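Proteins get letters first, then strands, A, B, ... in listed order; numbering begins at 1 in each. Being a predicted model, the structure only gives us computed values, none of them experimental. Computed over heavy atoms, backbone and side chain alike; hydrogens, waters and symmetry mates excluded.
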Number of protein chains: 2
Amino acid sequence: MNDLHIEPLPNIDELDEKILKLITKNARIPFLEVARECGVSGAAIHQRVQRLLNLGVVSGSEFIVNPQKMGYFTCAYMGIHLEKAKFHKQVVAELTKIPEVVECHYVTGTYAIFIKVQTKTNKHLKKLIDEDLQEIEGIASTETFISLEMEFKRQVPIK
Amino acid sequence: MNDLHIEPLPNIDELDEKILKLITKNARIPFLEVARECGVSGAAIHQRVQRLLNLGVVSGSEFIVNPQKMGYFTCAYMGIHLEKAKFHKQVVAELTKIPEVVECHYVTGTYAIFIKVQTKTNKHLKKLIDEDLQEIEGIASTETFISLEMEFKRQVPIK
DNA sequence: GCTGAAAACATGAGTCC
DNA sequence: GGACTCATGTTTTCAGC
């Protein structure tokens with residue numbers, strides 16, 4: 001995001017929506033199955049998906065890892081206070097280097113930065129806070145909200 | 001999660017890790033390509049992925065929608081205070097019905113519930129707060145952190 | 001922007017260590 | 001148990017409309 005232009009939204013027709021609904025639930029669904037549902041050829045689906053990728057409407061596909069099965073049992077959100085706003089960029093650069101930080105947002109309000117972390121245990125989280133986060137130059141303080149359970153997670157509504 | 005047992009972690013060997021690294025970045029990568037990278041047959045990859053699915057190590061696959069391209073320009077995190085803890089379940093049930101609420105966590109600390117919302121505009125967010133959230137029985141108050149920019153997002157580290 | 005056909009790939013069954 | 005081969009159906013590409 002190096003410019004402030006507002007680009008017009010891509011035209012998404014009903015066929016695109018139908019395709020999106022299917023492929024956002026299962027990235028490896030056979031395109032022929034999508035094609036049959038939509039009453040067009042498999043190649044048409046392939047072209048549409050390619051177009052949606054080119055437009056940036058979909059940014060790719062992922063297999064979703066279950067953190068718990070990988071031994072990451074603690075999930076937490078953290079609000080970060082900075083000493084000065086100008087530290088923002090370098091703090092984000094440092095946060096990027098910590099693999100347990102899985103999400104990072106520039107926010108307004110009480111905090112300057114908001115992150116999501118996944119650690120193996122609560123002890124691991126404590127270590128991350130004390131040894132990694134508090135050592136980053138520019139971070140004044142942090143506040144932690146431990147997620148005891150993720151109730152649900154989904155994507156933006158498609159019409 | 002209806003029981004409190006701690007299950008042993010699945011055994012993930014180096015081949016599994018190599019596979020995970022590839023398919024979590026691109027769910028539609030040809031398994032034969034993965035196979036070539038790993039020096040095994042395509043069927044072996046297919047079997048391994050199937051096993052990882054059965055074990056729950058991966059919970060499926062998704063094409064990732066870019067909210068901005070769908071006209072959802074405002075992203076916010078919200079902390080929710082409840083009048084009483086016992087309202088928890090019914091509040092979550094109500095939140096589930098609001099499609100703009102894309103994530104919902106049961107948390108400890110300042111808030112009882114923590115959510116992520118995607119709305120088209122700030123005005124849409126205001127409307128959501130005033131007309132939807134504040135109307136839910138059991139919600140005492142909410143606090144909003146608007147994300148001005150998502151700096152990064154990734155999955156749990158795979159070794 | 002869609003179709004149809006050909007080459008590359010995914011998937012499942014059966015087989016061999 | 002885990003990987004291989006083979007057969008069938010799917011994805012992907014591209015010429016043609």
Nearest-nucleotide comparison on DNA chain C, the residue closer to the 5′ end among A:Arg28 and A:Gly39: A:Gly39

Nearest to side-chain heavy atoms of A:Leu15, which nucleotide of D:dA3, C:dC2, C:dA10: C:dC2

Value in whole Å for how far the P atom of D:dG2 lies from CD1 of B:Ile12: 11 Å

Separation of atom CZ in A:Phe63 from atom C1' in C:dA10, rounded to whole Å: 12 Å

A:His46, nearest nucleotide to its side chain (from C:dT11, D:dT12, D:dC4): D:dT12

N-O pairing of A:Arg48 and A:Asp13 below 4.0 Å: yes

Positive for ring-ring contact (aromatic ring centres under 6.0 Å, His included) with A:Tyr77, one of B:Tyr111, B:Phe114, B:Phe145: B:Phe114

Pair B:Arg51 + B:Asp16, salt bridge at N-O below 4.0 Å: yes

Sugar-phosphate only, base, or nothing, as touched by B:Ala44 at under 4.0 Å among non-hydrogen atoms: sugar-phosphate

Electrostatic pair A:Lys116:B:Glu103 at N-O distance under 4.0 angstrom: yes

Sugar-phosphate, base or nothing in reach of A:Ile29, heavy atoms under 4.0 Å: sugar-phosphate

Sugar-phosphate only, base, or nothing, as touched by B:Arg36 at under 4.0 Å among non-hydrogen atoms: sugar-phosphate

Whole-Å distance separating the CG atom of B:Asn26 from the P atom of D:dT12: 10 Å

Between D:dT13 (P) and A:Leu53 (CG): distance, integer Å: 12 Å

Candidate nucleotides C:dC9, D:dT13, C:dG1, ranked by approach to the side chain of A:Arg48 - the nearest: C:dG1

Separation of C:dC9 P from B:Ile45 CD1 (nearest whole Å): 14 Å

Side chain of B:Leu32 (C-beta onward), nearest among D:dT12, C:dC9, D:dA3: C:dC9

Closest to the A:Phe31 side chain, choosing from D:dT12, C:dG1, D:dT5: D:dT12

Check: B:Ser59/A:Asn66 side-chain N/O donor and acceptor closer than 3.5 Å: no

Rounded distance (Å) that lies between atom P of C:dA13 and atom CD of B:Gln50: 11 Å

Touch class at under 4.0 angstrom, heavy-atom based, for B:Gln47 against every strand present: base

Whole-Å gap separating P (D:dT13) and CZ (A:Arg51): 18 Å

Proximity to the side chain of A:Ala43 - top-ranked nucleotide from D:dT12, D:dT5, C:dG4: C:dG4

